[in-house]
Amino acid sequence: MSTAYNPKEAEKKWYNYWLENGYFKSVPDEREAYTIVIPPPNVTGILHMGHMLNNTIQDVLIRKARLNGYNACWVPGTDHASIATEAKVVAKLKAEGKSKYDLSREEFLDKAWEWTHEYGGKILTQLQSLGASCDWDRTKFTLDEDMYESVIKTFIDLHNKGLIYRGYRMVNWDPEAKTTLSDEEVIYQEKQAKLYYINYKIEGLDEQICIATTRPETIFGDTAICINPNDERFTHLKGKKAIVPIIGRSIPVIEDDYVDIEFGTGCLKITPAHDENDKMIGDKHHLEVIDIFNDDATLNKHGLHYEGQDRFKVRTAFTNELKEAGHLQKVEAYTNKVGLSERTKAVIEPKLSDQWFLKMKDLAKPALDAVLKSRDIKLFPSKFENTYKHWLENVRDWNISRQLWWGHQIPAFYYNDKKDYVVAKTKAEALKLAKQKSGLDLTEKDLVQDEDVLDTWFSSWLWPISVFNGINEPNNKEFNYYYPTKDLVTGPDILFFWVARMIMAGYEYTDKKPFENIYLTGLVRDKKGQKMSKSLGNSPDALKLIDQYSADGVRVGLLLSSAAGNDLLFDEALCQQGKGFGNKIYNAFKLINSWEINSDIQQPEHSKLALNWYTSKFAESLQLIEDHFSKYRISDALMASYKLVWDDFCSWLLEIIKPAYQQPIDAKTYHRIIELFENNLKILHPFMPFITEELWHQIKKRNKNEALIVSDWPSAETIDQDLLKGFSFSSEVISNIRNIRKQKNIAFKNPINLSVINSEQTDQRFDSIISKMGNIEQLTYVDSKIENTISFRVKTNEYFIPIQGAIDVEAERKKLSEELNYLEGFLKSVDKKLSNKRFVDNAPEKVVAIEQQKKADAEAKIETVKKSLESL
RNA sequence: GGGUGCGUAGCUCAGUUGGUUCAGAGCAUCUGGUUUACACCCAGAAGGUCAGGGGUUCGAAUCCCUUCGCACCCA
């Protein structure tokens, strides 16, 4: 075996081995199912740090479940990402000098599919290099035929239930992508802007009224001036009319206490078509609505001589015109927040348009109850419950339509000059319905399907159901077997628009929760605390990382500092640590493997004892690890395994049983250490699947039914507490010996003698271990202090190591005095507690007993130290 | 502006019901060590006003109030 582990070869080899033998594959059987559905990454996406973290956690959970004997099923897939994909295709067309509108819808969709097949889904292959044990035969895509059908069916159903309606609403319009965005797809950014003060003439009076606005170009759409009814400055203007400058239109002065008297001039221009609040006031006062923009945010005919020009150009030009005409009073610097499209970065234009909405209130209730009342669904960490609650209690209707082509086309068919519509799966069905509804003699030609598609989330909210075809065939065998799923692993940033909605869909369509536990990972940030993103360019290349540190190493590195829900400041050093751990495990095996076995030699006492100790230690750690897993404390589970293997197994156990250089090992010890090592591999497998499988097969040749990935999780053995206590006492003794060796420059290879006053009556079996680990030639039990020695104490036991040459009595005295000082101070604080009547009366018995024990221990130890001091 | 969360060692973070082992872990640092499985190593050490202030309690990193700082979500 070589000195260092070579992961590259092993990782490729074992992933293929797992694939070939179908270990990832799941078919329903008599075992209990353990299902995880992947949060479908964007089909256009490539693997980044967030995916790596998220999918590593899922793989850990699914591999552990597999070892625990569940029928583990991890369903992979991607979503079609309407906006992102369409943007890519549009960009590609643009590069070819074409526009989307040069193509028919069908032609465009062909291009999009072409694009998807060529570039899409790469991320799934990338997940394989991470070791993801998904059942790849189940890979789903939100535009697969059955998935498509599920979405359409759901739309029709919700429409028939009256939950989907059509509304003329203010939406976030992305003028570049020419589509509506959800609130979640808009990023607000602070921008340096200007506040323009503009005068409007009052009709019939020789007076002007001044308004402040950040958007003078919207003046073309003004339909009122609003004042606060309590504002005495403007009382005389009630019922008057104002003249819109340049345009010359006459608009009413209205009153509404929405207006903040303090802000700006206390006067507001109302542009209902282009501002949400203005729309609200407009509705209240029955104002006219004038839309001044085209779809690309150039001005339309209402913009008069600016028709066809961009909104920002018009802002400048129109301001100049106002200035020249004497309407502009002043301009002030002003910081405000501007909404930008997450995808195109274009400034969002609030726009009124026809959209489809889903009523959320009734759907939200069961979702709220499931998490907060019945606790059917658990959130890890639970701190997100507040956020979840807040959002669902203040939920707004969901705008589910998008002005795009790539996606599920809304199954609404218009007729009668678009004045009426019916909702149906096919045009034929729609025709039937339309005829019934209208009584008209229509043909298919009279029907026009809605151009828009549904929000991508409207397909992914069905994901846990639809991947098992549970919408189309609610009683199919697979769906009944795998659903509800077990865990969902995702980021808190999509708690609302994905997780909560899946829960709603779950209860609406299956009467069941879609999953039991939600594990929310943190965001991956760089060392500076910035979120890792493509746009910042601070995300390391995922595949390069794997190449450099091995998949196992990267998995460990990511998990080491990723407590659930807490952001993870990513540092490559963590991957190095992960890789180093792999190397450690490899070398542990290399050592064991190098031993020559001799069945004639007796098992040494220290080996027997140490093996028994590790068995108990393992059982104890296993319990701890299980506890961490049960609370989704994955990084703690890993750290517990890490310490067990590195510290307890390698640093203690192997060092104890290691035969002298080039000496053989007894067969009994050898066979037991192999068993124990195999158990280590089992608990490490979920975290580091590759190296563990590799070593598992190096231990001995195994057939395909004996692979580690499908072996059994170690079962709990009894923990011998006395053994653990005795060992930890002994390790303290060994530590002290090492300290003294270091202080006195006694190299480890030089044996020394040790004498002990065994006041604690410790188990003498451990002497063999102390002797081996301390390189003690002679261990003697004595009754009193030995001259010319240096001493140390563990509890009330006193140990003496003879030293050549003069003993520094002063130094020894100083050391003892310091110990005494500390102990007396400690005793004093314990005494103080115990003499406090209120403590003794109020504290639980157990706590008081502990304090009494501390007192007794301290007193005994003080006696020992005092005696030593006297004898000096 | 409204909401939520956070502040513990140089760094990243645990600390579960207020009570033992409560002030911890890993990394980094420092000291010593290598013909020996691993320098991707071994052994050891140092490092803290638990953000500041106040309160409740026999007892507070933990509960309450407040100030400061940070992050996220919503408008």
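By convention in this document, chain letters (A, B, ...) are assigned in the order of the sequence lines, proteins followed by strands, and residues within each chain are numbered from 1. Fair warning: this is a prediction, and the values are worked out from it, not measured in the lab.
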Nearest whole angstrom, please: distance from the [atom2] of [N] to the [atom1] of [X].
| X | N | atom1 | atom2 | answer |
| --- | --- | --- | --- | --- |
| A:N593 | B:C38 | CG | P | 14 Å |
| A:F496 | B:C73 | CZ | P | 9 Å |
| A:D493 | B:C73 | CG | P | 8 Å |
| A:Q548 | B:C40 | CD | P | 15 Å |
| A:F649 | B:C38 | CZ | P | 16 Å |
| A:D857 | B:U21 | CG | P | 10 Å |

Listed by chain and number, what are the ring-ring contact (aromatic ring centres under 6.0 Å, His included) partners of [X], not counting sequence neighbours?
| X | answer |
| --- | --- |
| A:Y670 | none |
| A:W173 | none |
| A:F792 | A:Y799 |
| A:Y586 | A:Y5 |

Note: [X]-[Y] ion pair, threshold 4.0 Å (strictly below):
| X | Y | value |
| --- | --- | --- |
| A:E620 | A:K617 | yes |
| A:D397 | A:K361 | no |
| A:E385 | A:R375 | yes |

Exercise. State the CG-CG distance between A:N277 and A:D256, to the nearest 0.5 angstrom.
Key: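 The distance works out to 10.5 Å.
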*Interatomic spacing from CG in A:N386 to CG in A:L372 - rounded to 0.5 Å*: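 The CG atom of A:L372 is 8.5 Å from CG of A:N386, to the nearest 0.5 Å.
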Please classify the nucleic acid contact of A:K590 as base, sugar-phosphate, or nothing, using heavy-atom distances under 4.0 Å.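 It contacts sugar-phosphate atoms only.
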Is it the case that the side chain of A:N736 and the backbone of A:E732 share a donor-acceptor pair, with hydrogens and angles ignored and the cut-off at 3.5 Å?
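Judged by distance alone, yes, a pair lies under 3.5 Å.
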Exercise for review: Hey, which sits more toward the 5' end of RNA chain B by its nearest nucleotide, A:G580 or A:D636?
Suggested key: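 Counting from the 5' end, the first nearest nucleotide belongs to A:D636.
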| query | Between A:Y5 and A:W595, which has a closest nucleotide on RNA chain B that is more 5'? | reply |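 In this pair, the answer is A:W595.
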Donor-acceptor pairs are to be reported for all side-chain atoms of residues 737-746 of chain A against protein atoms at under 3.5 Å, with residues two or more places apart or in another chain.
| unit_1 | atom_1 | unit_2 | atom_2 | d |
| --- | --- | --- | --- | --- |
| A:R741 | NE | A:G774 | O | 3.3 |
| A:R741 | NH1 | A:A747 | O | 2.6 |
| A:R741 | NH1 | A:N750 | O | 3.1 |
| A:R741 | NH2 | A:N750 | O | 3.0 |
| A:R741 | NH2 | A:G774 | O | 2.9 |
| A:R741 | NH2 | A:N775 | O | 3.2 |

Separation of the [atom1] atoms in [N] and [M], to the nearest angstrom:
| N | M | atom1 | result |
| --- | --- | --- | --- |
| B:G44 | B:A25 | P | 13 Å |
| B:G19 | B:C13 | P | 24 Å |
| B:U34 | B:A71 | P | 49 Å |
| B:G54 | B:G47 | C1' | 30 Å |
| B:G69 | B:G33 | C1' | 45 Å |
| B:U12 | B:U29 | C1' | 15 Å |
| B:G2 | B:G48 | C1' | 36 Å |
| B:C11 | B:C50 | P | 16 Å |

Does A:E851 have any side chain to side chain contact (heavy atoms under 4.5 Å, CB included) partners at least two apart in sequence or in another chain, and if so, which?
->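 For A:E851, the residues satisfying side chain to side chain contact (heavy atoms under 4.5 Å, CB included) (neighbours in sequence not counted) are A:V830, A:K833, A:L834, A:F839, A:K854.
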Listed by chain and number, what are the side chain to side chain contact (heavy atoms under 4.5 Å, CB included) partners of A:T490, not counting sequence neighbours?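 Here the qualifying residues are A:P39, A:L488, A:I494, A:W498, A:V499, A:L520.
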List in chain and number order the residues that pass side chain to side chain donor-acceptor pair (under 3.5 Å) with A:K861, two or more places apart in sequence or in another chain; answer none if no residue qualifies.
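If we apply the side chain to side chain donor-acceptor pair (under 3.5 Å) test to A:K861, skipping adjacent residues, there are no hits.
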Decide whether A:Q853 and A:D857 meet the rule of one side-chain donor and one side-chain acceptor closer than 3.5 Å.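 Judged by distance alone, the side chains do pair up.
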Taking N or O atoms only and anything under 3.5 Å, show me the protein contacts with nucleotides 27-35 of chain B, one pair per line.
| unit_1 | atom_1 | unit_2 | atom_2 | d |
| --- | --- | --- | --- | --- |
| B:U31 | O2 | A:K742 | NZ | 2.4 |

So, OP1 or OP2 of [N]: does either fall under 4.0 Å of a side-chain N or O from [X]?
| X | N | result |
| --- | --- | --- |
| A:R738 | B:A45 | no |
| A:W391 | B:G3 | no |
| A:S735 | B:G44 | yes |

- Query: Which atom names give the shortest non-hydrogen contact between A:Y549 and A:Q576, and what distance separates them?
  - Reply: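 The answer is CE2-OE1, 3.2 Å.
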[X] side-chain proximity, nearest of [options]:
| X | options | result |
| --- | --- | --- |
| A:W646 | B:A45, B:A37, B:C42 | B:C42 |
| A:K643 | B:A25, B:C38, B:C40 | B:A25 |
| A:R396 | B:A37, B:C74, B:A45 | B:C74 |
| A:M639 | B:C40, B:A25, B:A43 | B:A25 |

Applying the Watson-Crick and G-U criteria (both distances under 3.5 angstrom) with [ ] for crossing and | for other-strand pairs, one obtains for RNA chain B (((((((..((((.....[....)))).(((((.......))))).....(((((..]....)))))))))))).
Scan nucleotides 16-20 of chain B against the protein and return all N/O pairs shorter than 3.5 Å with their distances rounded to 0.1 Å.
| unit_1 | atom_1 | unit_2 | atom_2 | d |
| --- | --- | --- | --- | --- |
| B:U16 | O2 | A:K631 | NZ | 3.4 |

Anything under 3.5 Å between a protein N or O and an N or O of nucleotides 5-11 of chain B, put it in a table, one pair a line.
| unit_1 | atom_1 | unit_2 | atom_2 | d |
| --- | --- | --- | --- | --- |
| B:G5 | OP1 | A:N386 | ND2 | 3.0 |

